[in-house]
Amino acid sequence: MESIVINIEGEVVDADKDDVLKRLKKVNALALKSAEGHIFDISGDVGGTGELTAVTIDSPEGLAICRHSTSHIMAHAVKDLYPSAKVTIGPSTEDGFYYDFDIDTPFTPDDLSAIEKAMQKIIKRNNPFVRKTMSKADAIELFKAMDEDYKVEIIEAIEADEVSLYEEGGFVDLCRGPHVPSTASVRAFKLLKTAGAYWRGDEKNKMLQRIYGTAFATSEDLKRHIELLEEIKRRDHRRLGRELDLFSMSDDIGAGLILWHPNGAMIRKTIEDFWREEHIKAGYKLLYTPHIARIDLWKKSGHVDFYKDNMYTPMDIDGADYEIKPMNCPFHIAVYKSALRSYRELPIKYAELGTVYRYERSGVLHGLLRVRGFTQDDAHIFCRIDQIESEILDVLDFTLYVLRTFGFEKYDVYLSTRPEKYVGTLDNWEIATEALRKALEKKGLKYETDPGEGVFYGPKIDIKVKDSLNRQWQCSTIQVDFNLPERFDVAYRASDDKDHLPIMIHRALMGSLERFFGILIEHYAGAFPLWLSPVQVSVLTISERQAEFAKETAGVLMKAGLRVETDLGDEKIGYKIRQSSIKKIPYAILIGDKEMESQSLTVRKRNGENISFADINSLLDFLREEIESRRYGHK
RNA sequence: GCCGGGAUAGCACAGUGGUAGUGCAGCUGAUUCGUAAUCAGCAGGUCGAGGGUUCAAAUCCCUUUCCCGGCUCCA
């Protein structure tokens, strides 16, 4: 026998000892992991030699194995209930699993609970997962006999001569494994939703029926996950958008087009003001450009060739075709080219909150996050290739400052390098990619390299922020472009009195204002920091006696530039506070006889906390400080 | 685009062939009250749009618009 040792909770045990299996069972081991990182079934033929470590459900690998096994159990249950269903694939995912079936009638929510019940029975039976191997030819025979066409297709595509199967309680599935020792190893699972999904994700293929589910180590973990899903629902920007009267969409206007209501518009205006001020400080020049342009412009830019699917049909104006803009870049180039540029002027940095329209397939539209008309916080930096690194450094600083201002402290950075299809010289790609890399390193930013994931026209840096629920969102992108300057004959006059080609850097910090707004709503759960809140202060009276004083107080605050709302009605104070809270107004000023007599102010924060101010000026100082710091002080 | 679900009062929803309902919001009146909902009354709907079946359609059928969940984390 080969000498295999197994590491159970730090203790190294010989594999040929009788009690190893018992001990693995005792620590609830689901699988074994070799020193090289290969994971095997406990009962399977592990092969190889060396030290193996017990994998439990507490590790990410263990949880993934459990979820994958749960998907098999689900497939088993589905086959029991709907024998005509054909099984396809059922992997584990980041927070659960799914399995795709080819079945004539799609699943309903009622089906899900029936399947869940059947799964529970299978789990109770404690069927062992048994691994078998057989030749490809035999496996094809087997699955052909079972009428499982998809499995046959999968096996035919496998290169190895031998494939593995897993059997559990009579249900056999082609699977690479590994699996948990037995169905009873699955402790807590739930089926979540059904959906259509194309076979192999290709819309040319047949539409299958997918069931999503999830599994966790304990029912407490599962409960926590379901609570998280509920929290995500509560924060949904579409729901909060209606409740807080921020924006809407209308059937009459069309899909993917956003109406910004006064509250949302006020937030947007505040973001835009901040954005413009900071861009001016950072040396950008602001532009405004048209919404349509002759189609020839888009032919020249290459958008008609590369981007046609996302562009709208041109409109005829006096016999010429005009196109609604999907991008701002050609306009910025036109501004650059409106004069002869000297190398002394570079870098030239143009910024615009440019509204663009892009065709998105109807099925992918989603609230503010995926729309057809949106405003980019776009900028283009024209520079010499030797200026790339320092420009990227500036842009990185700028981006992180802006993201931090909105409370995004955590982010992941990605550097994407040259893809197979590209334009520009290899030399330039090399120089630009290295400049991006150096800038990232100088900033001390940890980043991942995505080889070949760059755009055809140049390498790029993407920054994905993490929101308060730790969800990842891509907003910022910084892209080097060798293509457009050449296509448009962009030039600068260098010291040698000759024309040279500048490099263009495209960058967006927030991406799209619509999308960024949607992310912000969810990030803040609708409770915007004071500087962004559409209404910053509400003034509430205890009785009608204080109406005059309340109006005066509100007037002083409004004159000081604060956004103030009054509630002088005859409702009780509890009702008014509730109204103010529902609107998520950061501060409510409560005015009763006490305050009127002493001229002092009682302020109730959104979180229920009270603060007293001796007079209105001390309150103003307090509010001004919080606004100017753009702090996210309280929820 | 495709699969599935949906659209009924401002909002959340009930109503499966026979007189369109509930709660909240709104309006009116009473009440003048100290930290998340005072009470009563009133009003509000081409049942998303268009067509069809029927004596009769929110309800059944067709078309269409829009919204929602998804559509390779690859045995």
Side-chain angles (χ1 to χ4, degrees), chain A residues 64 67-68 71-72 75 87-100 102-103 105-109 111 136 139 143 148 150-160 163-166 173-177 192-212 236 238-239 242-243 245 248-257 309 359-367 540-547 568-583 588-595 602-610:
Chain A
R67 286 167 171 172
H68 182 201
S71 87
H72 271 242
V87 293
T88 68
I89 60 163
S92 68
T93 64
E94 202 177 297
D95 47 23
F97 62 85
Y98 65 82
Y99 209 117
D100 288 345
D102 183 2
I103 184 168
T105 42
F107 300 108
T108 65
D111 293 337
K136 253 177 83 171
F143 283 103
E148 295 288 5
Y150 294 89
K151 290 291 173 186
V152 173
E153 191 184 324
I154 291 164
I155 299 167
E156 280 167 348
I158 293 174
E159 283 182 21
V163 298
S164 59
L165 309 175
Y166 279 80
D173 198 356
L174 172 83
C175 184
R176 187 163 42 193
L192 298 171
K193 56 194 170 191
T194 61
Y198 298 105
W199 169 232
R200 294 192 187 266
D202 187 335
E203 61 189 80
K204 290 188 203 92
N205 290 337
K206 187 166 182 188
M207 177 70 70
L208 307 172
Q209 296 303 320
R210 174 172 297 183
I211 301 177
Y212 281 96
D236 191 308
R238 293 164 301 188
R239 174 193 180 130
R242 185 181 304 113
E243 286 173 5
D245 200 13
S248 69
M249 290 177 282
S250 155
D251 299 15
D252 301 329
I253 288 164
L257 302 169
D309 291 347
Y359 173 73
E360 297 282 358
R361 302 206 295 175
S362 61
V364 305
L365 298 173
H366 180 93
L540 318 179
T541 50
I542 304 290
S543 79
E544 280 175 8
R545 275 195 304 282
Q546 301 93 26
L568 314 176
D570 60 357
E571 297 289 348
K572 294 206 252 186
I573 192 68
Y575 178 86
K576 295 181 184 180
I577 285 171
R578 182 179 152 78
Q579 294 308 311
S580 185
S581 304
I582 287 171
K583 292 183 196 162
I589 303 179
L590 311 189
I591 296 184
D593 289 340
K594 268 192 289 180
E595 285 75 15
T602 305
V603 176
R604 185 190 195 275
K605 285 172 113 175
R606 193 156 47 184
N607 63 6
E609 211 177 296
N610 276 339

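Sequence lines set the chain letters: A, B, ... in the order given, protein chains first and strands last, and positions in each chain run from 1.
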Using a cut-off of 4.0 Å between protein heavy atoms and nucleotide atoms, how would you tag nucleotides 66-75 of chain B 5' to 3' with B, S and -? SSSBBBBBBB

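- For A:E156, the CD atom is densely surrounded, since the number of other residues' heavy atoms within 6.0 Å is greater than 12.
- Here A:E595 lies in heavy-atom contact (under 4.0 Å) with a base.
- Summarising the geometry, atom CG belonging to A:D111 is positioned 7.5 Å from atom CD1 belonging to A:I103; distances are rounded to the nearest 0.5 Å.
- To the nearest 0.5 Å, atom NZ of residue A:K594 and atom CD of residue A:Q546 are 11.5 Å apart.
- Judged by the 6.0 Å and 45° rule, A:R210 forms a cation-pi pair with A:Y98.
- Comparing B:G23 with B:G5, their P atoms sit 32 Å apart, to the nearest whole Å.
- Between A:R604 and the choices A:I573, A:L540, A:I577, the side-chain contact (heavy atoms from CB on, under 4.5 Å) rule is met once, by A:I577.
- Base pairing of B:U46: no nucleotide in any strand meets the Watson-Crick or G-U wobble criterion (both distances under 3.5 Å).
- Atom CG of A:D252 is separated from atom P of B:G50 by 13 Å (rounded to the nearest Å).
- Using P as the reference atom, B:U64 and B:U28 are 46 Å apart when rounded to the nearest Å.
- Using modelled atom types, no side-chain atom of A:S92 and backbone atom of A:F97 make a donor-acceptor pair closer than 3.5 Å.
- The partner of B:G69 is B:C3, judged by Watson-Crick or G-U wobble contacts that both fall below 3.5 Å.
- If you measure from atom CG of A:L540 to atom P of B:C33, you get 16 Å, rounded to the nearest angstrom.
- Nucleotide B:U35 holds its P atom 9 Å from the CG atom of A:L590, rounded to whole Å.
- Comparing B:U72 with B:G10, their C1' atoms are spaced 43 Å from each other, to the whole Å.
- Pair assignment for B:A36 gives none, since no Watson-Crick or G-U wobble pairing has each distance under 3.5 Å.
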Contact letters for nucleotides 36-43 of chain B, in which S counts primed atoms plus P, OP1 and OP2 and B counts the base, heavy atoms under 4.0 Å: BBB-----

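- Pairing of B:A25, defined by two Watson-Crick or G-U wobble distances under 3.5 Å, is not identified with any nucleotide.
- The nearest whole Å value for the distance from the NZ atom in A:K594 to the P atom in B:U32 is 20 Å.
- One finds the CD atom of A:Q579 at 6.5 Å from the NZ atom of A:K583 (value rounded to the nearest 0.5 Å).
- In this structure, B:G17 makes no Watson-Crick or G-U wobble pair, since no nucleotide meets both defining distances under 3.5 angstrom.
- Rounded to whole Å, the separation between the P atoms of B:U54 and B:C61 comes to 16 Å.
- With hydrogens and angles ignored, the 3.5 Å screen pairs a side-chain donor or acceptor of A:K576 with a backbone N or O of A:G569.
- As rounded to the nearest Å, B:U53 and B:U59 have C1' atoms that lie 13 Å from one another.
- Rounded to a whole angstrom, the distance from the P atom of B:G52 to that of B:G44 is 30 Å.
- A:E243 places its CD atom 9 Å from the P atom of B:A12, with the value rounded to the nearest Å.
- Pairing for B:U54 is absent, with no Watson-Crick or G-U wobble pair whose two atom distances lie under 3.5 Å.
- Look at the P atom in both B:G6 and B:A20: the space between them is 24 Å, to the nearest Å.
- The two residues A:K151 and A:V87 make their nearest non-hydrogen contact at CE-CG2, 3.6 Å.
- A:L590 contributes atom CG, which lies 9.0 Å from atom OG of A:S580 (distance to the nearest 0.5 angstrom).
- Side-chain atoms of A:T88 come within 3.5 Å of backbone atoms of A:D100 as a donor-acceptor pair (strictly under, hydrogens ignored).
- Using a 4.0 Å heavy-atom criterion, one finds that A:N610 contacts the bases of the nucleic acid, with or without backbone contacts as well.
- For the C1' atom pair drawn from B:A9 and B:C55, the interatomic distance equals 30 Å after rounding to whole Å.
- A:L568 places its CG atom 18 Å from the P atom of B:U32, with the value rounded to the nearest Å.
- Remark: B:U59 base-pairs with no nucleotide in the shown strands. Criterion, Watson-Crick or G-U wobble with two distances under 3.5 Å.
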